[in-house]
Number of protein chains: 2
Amino acid sequence: MTEIQRPGALYQQVAAAIREAILSGEFAPASLLPSEAQLMARYQVSRPTVRNAIAALRAEGLIDVRHGKGSFVRSEPQPVVSLLGHVGRTPEAHFVLHGVATWEQAEEPSTYRTHATEATAHLLELEAEEALFGCDRLLTDPATGTRAMHRTLIPFATADAVPDLAEAPETKPATVYAMLAKAGHELWWSETVRARMPLPDERTALRLPDATPVLHLSRVTCGTDDTPLILEELRIGADRAELAYRITADKQPARRTRS
Amino acid sequence: MTEIQRPGALYQQVAAAIREAILSGEFAPASLLPSEAQLMARYQVSRPTVRNAIAALRAEGLIDVRHGKGSFVRSEPQPVVSLLGHVGRTPEAHFVLHGVATWEQAEEPSTYRTHATEATAHLLELEAEEALFGCDRLLTDPATGTRAMHRTLIPFATADAVPDLAEAPETKPATVYAMLAKAGHELWWSETVRARMPLPDERTALRLPDATPVLHLSRVTCGTDDTPLILEELRIGADRAELAYRITADKQPARRTRS
DNA sequence: GGACGTCACTTGTCCTTACGAGTTACGACT
DNA sequence: AGTCGTAACTCGTAAGGACAAGTGACGTCC
């Protein structure tokens, strides 16, 4: 049995003791922690207290718990997917965007019609409620099992101007870029990044473990005259992905980021 | 009293019912939810079950709970800080990086000496354990109360080559860029973005509410010959910040992102 | 030998009870 | 009138018990 000290609630003291044991290396990464019963004996507390402490450590992302097996120290969350943000000058380099070149589609893409929300209307410079084509994909990296949700939103105006697009709205992003370029547009992109906790459906679709945020990218592809052409969204578990951007001090397009 | 349906555990059914009520607008943003006692009566379950359901909604970031007052629907997490990643051609535009121009320092910056970890050594192309100057800042946006943690790591080699730096390692990033440029470097930056749950000390330092990830930026400033000069890290609550990048298809520096 | 069932272990769920602690409003006392 | 204490609400913490459900190993049965 191990004595416990001061600060705060009992379960927090237990959580702090376990956390310290993990960080000090007493419990190695991927190793099995003592069972709830053992922790009860070790710290002389009831089972709800132990479970409360464990819940706190789960919320911090320090441990993983598996029903029927036990609690495991989570190993370092090493990102395996690197999403590049700055492209080269050749058209082929566009494929690197979002790193989707090597990915497979876990399901058939689903296409639909929808309407612009306030946020999407602002990004695409549309009226609210304006009609859009939509296409959702579930992407998989077969090597690592990493999953990502990808969505393409195409305003009717863009589809009208680029007939190829209207015929096949489920086209892959890289192909979409090529179509837009073929239609005479000189492309650039405006990308915003946010992180948040996943909604329940995202948790299941992306197979996310506990306490794992999602990275949410919104990318607007703009063409000649800085016209917003399409909007893409990518959602991916932050335990597997990191973003990489190159920033150079060269000339900057005139369009503002936000009003 | 409201009847509950099938799927899964009782507390999950309760959580789903409350979540649905929130998303359907029955409980408006920032409004007070029924108390635990009322929820017990409404769904005919015990208090632990209600609390378990509430804990699930907290972990999703849907609600905020305040001791002695009640549970509140969390209002839309509108980011108030926009961190720009693509700079203009004029030197002044460098100040926009990280959006720190308008920020104040909540505490005096603390400077210290440390050693390169495996990760920082890789980013700065150093040997492991190599000595570094460090400088930590706690930044505040007085208008919104948003906080951010900023760290600058300067290898000895860079400090030797730029005497201004060695004399005042606590200099602000914008000034550091100016010093490096004055020393004859043509600067560019390599930035990687990750999101994760905050450590306990980050939670308190950044005053983060429940279920709020942190955005973790690592920015390497490179100079002539693509030499890594300094490493900056910025940590900021994802409920208040979003990143914005412009991506153009112009020429790309030769340096690789990762090995 | 192989398949299957059982058992001992784990965590998950759910209940009851009790008290501590923060918040607010009302009312009595000064 | 102003101040302060108390009461009645809120959520937080802690204990106890009971049973369900997933896992793996061992042993029995075919």
Side-chain angles (χ1 to χ4, degrees), chain A residues 1-18 27 30-59 61-74 200 203-204 207 209-211, chain B residues 1-18 27 30-74 200 203-204 209-211:
Chain A
M1 160 186 164
T2 304
E3 280 303 331
I4 304 185
Q5 312 304 331
R6 302 295 180 52
L10 233 193
Y11 80 93
Q12 288 173 341
Q13 300 173 30
V14 174
I18 300 176
F27 301 127
S31 72
L32 186 60
L33 257 70
S35 73
E36 294 180 358
Q38 291 169 327
L39 292 173
M40 289 168 65
R42 158 118 90 141
Y43 298 113
Q44 292 292 299
V45 295
S46 70
R47 185 157 175 240
T49 303
V50 166
R51 286 185 62 78
N52 214 341
I54 287 181
L57 298 174
R58 289 175 67 159
L62 256 182
I63 64 176
D64 268 324
V65 180
R66 273 179 288 186
H67 190 172
K69 303 193 71 170
S71 304
F72 299 82
V73 181
R74 190 178 283 187
R203 268 197 58 117
T204 60
R207 307 226 200 291
D210 282 337
Chain B
M1 165 188 158
T2 304
E3 278 306 329
I4 304 187
Q5 312 305 330
R6 292 302 175 59
L10 233 194
Y11 80 92
Q12 289 173 340
Q13 300 173 30
V14 174
I18 300 176
F27 301 126
S31 71
L32 187 60
L33 256 67
S35 72
E36 294 180 356
Q38 291 169 329
L39 292 174
M40 288 168 65
R42 161 118 90 138
Y43 298 113
Q44 292 291 300
V45 295
S46 71
R47 188 160 172 238
T49 302
V50 167
R51 285 185 61 79
N52 214 339
I54 287 181
L57 298 175
R58 289 175 67 160
E60 292 174 25
L62 256 183
I63 64 176
D64 268 324
V65 181
R66 273 177 288 185
H67 191 168
K69 304 193 71 170
S71 305
F72 299 82
V73 181
R74 190 178 283 188
R203 265 197 61 116
T204 63
D210 282 337

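Chain letters run A, B, ... following the sequence lines, proteins first and then strands; every chain starts at 1. Hydrogens, waters and symmetry mates are skipped; everything else that's a heavy atom, side chains included, is used.
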- From B/Leu10 CG over to B/Asn52 CG, what is the distance, rounded to the nearest 0.5 angstrom? 10.0 Å
- At what distance, to the nearest 0.5 angstrom, does CZ of B/Arg51 lie from CZ of B/Arg58? 8.0 Å
- Task: Using atom CD of A/Gln44 as one end and atom P of D/dA15 as the other, report the distance to the nearest whole Å.
- Result: 10 Å
- Nearest whole angstrom, please: distance from the C1' of D/dC19 to the CG of B/Leu10. 14 Å
- Item | Closest to the A/Thr49 side chain, choosing from D/dT10, D/dG12, D/dA15 | D/dA15
- Task: Take B/Gln38 and B/Pro48, find for each the nucleotide of DNA chain D with the closest heavy atom, and name the residue whose nucleotide sits nearer the 5' end.
- Result: B/Gln38
- How long is the line joining CZ of B/Arg51 and P of C/dA18, in whole Å? 18 Å
- Message: If you go through the side-chain atoms of A/Arg47, does one of them form a donor-acceptor pair with the base of C/dT13 closer than 3.5 Å?
- Response: yes
- Message: As a test of reading the structure: which of C/dG12, D/dA15, C/dT24 is closest to the side chain of A/Arg58, going by heavy atoms?
- Response: C/dG12
- Message: Quick check for you: to the nearest 0.5 Å, what is the distance between B/Leu32 atom CG and B/Phe27 atom CZ?
- Response: 9.5 Å
- To the nearest angstrom, how far is B/Met40 atom CE from D/dC11 atom P? 11 Å
- Task: Identify the residue among A/Leu33, A/Asp64, A/Leu62, A/Leu57 that makes a side-chain contact (heavy atoms from CB on, under 4.5 Å) with A/Ser71.
- Result: A/Leu33
- Roughly, in whole Å, what's the span from CG in A/Asn52 to P in C/dG12? 13 Å
- Query: Of all the nucleotides listed (C/dT24, C/dT11, D/dA15), which has the minimum atom distance to the side chain of B/Lys69?
  - Reply: C/dT24
- Out of curiosity, B/Asp210 CG to B/Arg203 CZ, how far, rounded to the nearest 0.5 Å? 5.0 Å
- Message: Tell me the interatomic distance from A/Asp64, atom CG, to C/dG12, atom P, rounded to whole angstroms.
- Response: 11 Å
- Task: Whole angstrom is fine here: how far is it from NE2 in B/His67 over to P in C/dT23?
- Result: 8 Å
- Message: Mind checking if A/Arg66 touches a base, just sugar-phosphate, or nothing, with heavy atoms under 4.0 Å?
- Response: sugar-phosphate
- Item | Nearest listed nucleotide, side chain of B/Val65, among D/dA14, C/dT11, D/dG12 | D/dG12
- Choose from D/dG22, D/dA15, C/dC14 the nucleotide whose nearest atom is closest to any side-chain atom of A/Val45. D/dA15
- Query: Looking only at side-chain N and O atoms, does A/Ser46 come under 4.0 Å of OP1 or OP2 in D/dA14?
  - Reply: no
- Item | Length of the CD-P vector between B/Glu36 and D/dC9, whole Å | 15 Å
